[in-house]
Amino acid sequence: MAARAPSGTHDVLWPESTRWESLLALFAAHVERAGYGLAHTPIFEDVKVFRRGIGEGSDVVGKEMYEFEDRGGRTLALRPEGTAPMVRAFVQRRPPLPWKAWYATPAFRYERPQAGRYRQHHQLGLEALGPSDPDLDVEVISIADGIFRSLGLTAFGLRINSMGDDVCRPGYLDLLRAHLEERSDQLCAEHRGRLEANPLRALDCKRDECRAATADAPGLADHLCEPCRAHFDRVRQGLDAMGVPYQLDHRLVRGFDYYTRTTFEFASAALVSAQNGIGGGGRYDRLVEMLGGPPTPGIGIGIGIERLLLACDAEGVFPVDPVPLDAFVVDVVGGEAARDITAALHRAGLRADRAYDNRSMKAQLKAADRSGALMVLIVGPDEVAAGTVSLRSLRGAGDQRSVPIDGVADAVRASLGGTTLDPPDPSGNVVAPHPRKDHP
RNA sequence: GUGGCCGUAGCUCAGUUUGGUCAGAGCGCCGGGAUGUGGCCCCGGAGGUCGCGGGUUCGAACCCCGUCGGCCACCCCA
C-alpha cells in the first residue's frame, strides 16, 4: 500500500495553495488595519488549557482531543481550537491591554471526517482582550463580515445570541430546565440525559422531538440581567449602524463552555452540507481567569479556511488564479543559455522558469505554454550564432522578435509594458497578494 | 462514536444486475505529423497487484467476510 495522509487530513498543493496565500493576505490586510497583530503559539499545549477553558463536558474536550503523553510524562494535546492557546499566551506573557491579536493555525479534532469537516482543519482567528465594550463585539463581527464580502460572498448569514453572565444565566437555566422537565418525555434520549448538567444543549438539537419541546422555551436573550441586556442591545445597535445584517437566534448555543454574553455564527447558504458554519465566536469574559489570569474580558472569532473556500467555490467567487510567469526559457542548444538567462531574469526581479533535460523544441514550447508564462525566450543555433534571443509572445498571435542576449531582462520588462511585482492595493481592497493579469 | 452509500489508469468514470476475450473511455502525460516554434487538429504510445487481505468457485473487478480509505447523515463544530 502506498503511503497516504491520515484519515481526515489533506494536502494543499499548488495551485490551490495560492488561494490560501491570497486568503491569508486578505485576512491580514483587514485585521491589521484595525490594530490586530499576528501571534504564533505552540501547536500543542498542556491538556489543562483546553479542559479548563472549553469545558470537561464539551464534546471537543470529552471525545475529540488528540491527547498524548510526551517522553517526560506530560499530558499534552494538539490544539482543537485557537482561542484557549491565545488566552494562555496572554495569561503567561501579559501584553499591555487592550491586546488585539490574530492567528492562522491548524486545529485538530478526532471526528468522523465529512465534507467540510476534517481531523486537521485550519482557522484564521482574532482575539481582543481587555475591553468589555460592546463596540468591540461589533468590530470583531463586522471585520469578519467585511472579509466575507470582499471575497465576493453574498449567500451567508449571521446569527447572534447572548449567553448572559454569572448573574443571569443560572436563573435562566432553572427556568429552561423547568420548562424542559415538563416536556422531558418529548426530548430525545440524549438531551433528556443532559437536562440536569446542561439544558442549553437541547436548544440547538436538530431532532424534531427536541425542536417541538423547545419551540416555546424561554429564550436566554429575554432573561438577561440589566447589564447583559444593555450590552446586547448595544451590540445589535452597532451591527445595525455598521450595516451588518443578522438574525437573533435564541437556539444558538455554542459548544464551548467559556462563552459569555455575545455569541455568533456565520453560515453559508451556498453549502449544501450540514457543515455550513464558516465562522463563529463570541465573548469569553471569564476565560482569562479560568486559565489563572486576572479578570479580563475578551472576545474572538474563528474562521474555517477549508469551509470558507468551499463556500467560495459554491458561489463561484475567489477563484484559483495562479501567478503567471513573466517568461519561460526554451533552449535547444545544451542548456547553458537557459541556465544563464533564467538566472539573469531572476536577478532582475522577473518571474521566469525554463525547461530541463534537453527536450525537443516542441516539448519545451508546450511546457512554456502550460506554464502560463506571458512570453517565451527561445535559444537555438541561429540565436547563438547571432548573439540574440528570440522573444515570442505566448498571448494572442504569437508575434516574435530578436533581442540582443545582453539585454534580455530589459527586453522582457519592456514588453511586459507594466510592472510585475506590485504590492497589494494599499486601499485594503485586495483580493490577492499578487496582481492579476487579464487572460485574453 | 452510531447508521447508510462507495473504492477500476495521474483525474473523471463505464464495466459488477445475468462470475468466464472486462481490463476500457475521455481528459492529462509522452512521442510523431511540422529536419527550429506552443495553443487547435490528426496519428501513435506509456500507464492499472480493478484499495488491501482472506474466502466461495474450474474460474472473481464482479459473490461473501474482514480491513483501510472516501462520501453522506447524526453528534459537534471551522
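Below, chains carry the letters A, B, ... as their sequence lines are ordered, and counting in each starts from 1. Worth knowing before you read on, the calculation uses all heavy atoms, side chains too, and leaves out hydrogens, waters and symmetry mates. Not measured: the values here are computed from a predicted model.
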Applying the Watson-Crick and G-U wobble criteria at under 3.5 Å, what pairs with [N]? Answer none if nothing qualifies.
N: B:rA46; result: none
N: B:rC40; result: none
N: B:rC74; result: B:rG1
N: B:rG66; result: B:rC52
N: B:rG26; result: B:rC11

Practice problem: Taking the six-membered ring for Trp and the single ring otherwise, decide whether the centroids of A:Tyr118 and A:His10 are under 6.0 Å apart. | Solution: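 Judged by ring-centre distance (under 6.0 Å), A:Tyr118 and A:His10 do meet the cut-off.
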Quiz item: Is the shortest side-chain N/O distance from A:Arg359 to OP1 or OP2 of B:rU37 below 4.0 Å?
Solution: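 So the side chain of A:Arg359 is outside the cut-off, no N or O lying under 4.0 Å from OP1 or OP2 of B:rU37.
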Quiz item: Would you say a side-chain N or O of A:Ser7 is under 4.0 Å from OP1 or OP2 of B:rG70?
Solution: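 So the side-chain polar atoms of A:Ser7 do come within 4.0 Å of the phosphate oxygens OP1 or OP2 of B:rG70, strictly under.
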Say you pick atom [atom1] in [N] and the same atom in [M]; how far apart are they, in whole Å?
N: B:rA46; M: B:rG26; atom1: P; value: 15 Å
N: B:rG47; M: B:rG31; atom1: P; value: 16 Å
N: B:rC6; M: B:rC65; atom1: P; value: 13 Å
N: B:rC75; M: B:rG15; atom1: P; value: 35 Å
N: B:rC71; M: B:rC11; atom1: P; value: 15 Å
N: B:rA61; M: B:rU49; atom1: C1'; value: 12 Å
N: B:rG51; M: B:rU12; atom1: P; value: 14 Å
N: B:rG48; M: B:rG10; atom1: C1'; value: 11 Å

Among [options], the one nearest [X] by side-chain distance:
X: A:Ile378; options: B:rU37, B:rG38, B:rC74; result: B:rU37
X: A:Ala115; options: B:rA78, B:rC72, B:rC76; result: B:rC72
X: A:Arg370; options: B:rG70, B:rC29, B:rC74; result: B:rC29

Looking across every strand, which nucleic acid part, if any, lies under 4.0 Å from [X] by heavy atom: base, sugar-phosphate, or nothing?
X: A:Gln120; answer: nothing
X: A:Leu394; answer: base
X: A:Gly62; answer: nothing
X: A:Gly116; answer: base
X: A:Arg254; answer: sugar-phosphate
X: A:Glu81; answer: nothing

Quiz item: How about A:Phe27 and A:Ile305: do any of their side-chain heavy atoms sit closer than 4.5 Å?
Solution: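 A side-chain contact under 4.5 Å is absent here.
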Quiz prompt | Side-chain H-bond candidate by donor/acceptor type, A:Arg79 with A:Thr41, under 3.5 Å | solution =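 Yes - a donor-acceptor pair under 3.5 Å links their side chains.
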Quiz item: So, A:Gln275 and A:Gln114: side-chain donor and acceptor under 3.5 Å apart, yes or no?
Solution: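 Yes, side-chain donor-acceptor contact under 3.5 Å.
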Can you check the [X] [atom1] to [N] [atom2] distance for me, whole Å?
X: A:Leu365; N: B:rG32; atom1: CG; atom2: P; value: 13 Å
X: A:Gln114; N: B:rC72; atom1: CD; atom2: C1'; value: 6 Å
X: A:Arg119; N: B:rA78; atom1: CZ; atom2: C1'; value: 16 Å
X: A:Leu200; N: B:rC76; atom1: CG; atom2: P; value: 12 Å
X: A:Gln275; N: B:rG70; atom1: CD; atom2: C1'; value: 15 Å
X: A:His10; N: B:rG69; atom1: NE2; atom2: P; value: 16 Å
X: A:Arg117; N: B:rC74; atom1: CZ; atom2: P; value: 9 Å
X: A:Arg159; N: B:rA78; atom1: CZ; atom2: C1'; value: 13 Å

Tell me if the side-chain of [X] makes a donor-acceptor pair with the base of [N], cut-off 3.5 Å, by modelled atom types.
X: A:Asp369; N: B:rG38; result: yes
X: A:Gln364; N: B:rU37; result: no
X: A:Lys362; N: B:rG33; result: yes

Self-check item: With A:Glu139 via salt bridge (Lys or Arg N to Asp or Glu O under 4.0 Å) - residues at least two apart
Solution: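 A:Glu139: salt bridge (Lys or Arg N to Asp or Glu O under 4.0 Å) contacts with A:Lys100.
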Self-check item: Nearest heavy-atom neighbours spanning A:Gly281 and A:Tyr259
Solution: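 Scanning both residues completely, I find the closest heavy atoms to be CA-OH, 3.4 Å.
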Practice problem: Could you tell me which non-hydrogen atom of A:Tyr36 sits nearest to which non-hydrogen atom of A:Trp102, and how far apart they are? | Solution: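 Shortest heavy-atom separation between A:Tyr36 and A:Trp102 comes out as O-CD1, 3.6 Å.
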Quiz item: Does a side-chain N-to-carboxylate-O contact under 4.0 Å join A:Asp174 and A:Arg177?
Solution: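 Between A:Arg177 and A:Asp174 there is a salt bridge, with a charged N closer than 4.0 Å to a carboxylate O.
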Practice problem: Inspect the contact between A:Asp137 and A:Arg283 and indicate whether a charged nitrogen and a carboxylate oxygen are less than 4.0 angstrom apart. | Solution: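 Salt bridge between A:Arg283 and A:Asp137, a charged N being under 4.0 Å from a carboxylate O: yes.
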Practice problem: Hey, which sits more toward the 5' end of RNA chain B by its nearest nucleotide, A:Pro113 or A:Phe256? | Solution: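 With A:Phe256 and A:Pro113 compared, the 5'-side residue is A:Pro113.
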Practice problem: By nearest nucleotide on RNA chain B, pick out whichever of A:Ala363 and A:His121 is the more 5' one. | Solution: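 Final value for this comparison: A:Ala363.
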Detail all sub-3.5 Å separations between protein N/O atoms and N/O atoms belonging to nucleotides 2-8 of chain B.
{"unit_1": "B:rU2", "atom_1": "O4", "unit_2": "A:Arg112", "atom_2": "NH1", "d": "2.8"}
{"unit_1": "B:rG3", "atom_1": "O6", "unit_2": "A:Arg112", "atom_2": "NH2", "d": "3.3"}

Quiz item: For A:Asp145, which residues count as a side chain to side chain contact (heavy atoms under 4.5 Å, CB included) partner, sequence neighbours excluded?
Solution: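 For A:Asp145 the side chain to side chain contact (heavy atoms under 4.5 Å, CB included) partners, ignoring immediate neighbours, are A:Arg149, A:Phe156, A:Val244, A:Phe266.
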